[in-house]
Amino acid sequence: MDPRTTLRAVGEVAAWWAALVVLWLMLISTVYTLEWVVGACAAGVGALVARAGRRAVSRR
């Protein structure tokens with residue numbers, strides 16, 4: 001795989017992750033450490049699913 005393609009993929013997942021974490025932080029009232037961990041993990045899964053979905057749609 002081309003290094004630029006890999007870097008672009010990592011950047012896309014990181015951008016999705018950051019956007020989902022910010023959205024999650026806006027929706028909760030109190031932030032505890034465990035909530036940070038759970039939210040970050042959930043955002044990571046969401047970011048990977050968002051990238052997979054975008055790739056599936058763009059291949060058509």
Could you measure the distance from the CD1 atom of Ile28 to the CG atom of Leu23? Nearest 0.5 Å is fine.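 Reported to 0.5 Å precision, the distance equals 11.0 Å.
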
Verify, without hydrogens or angle tests, whether Trp17 (side chain) and Ala40 (backbone) share a donor-acceptor contact under 3.5 angstrom. yes

Taking side chain as C-beta onward, heavy atoms only, is Val21 less than 4.5 Å from Trp36?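 A side-chain contact under 4.5 Å exists here.
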
Leu27 with Val22, same ILVMFWY side-chain cluster at under 4.5 Å: yes

Side chain to side chain contact (heavy atoms under 4.5 Å, CB included) involving Leu48 - partner list, sequence neighbours excluded: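 By the side chain to side chain contact (heavy atoms under 4.5 Å, CB included) rule, Leu48 matches Val13.
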
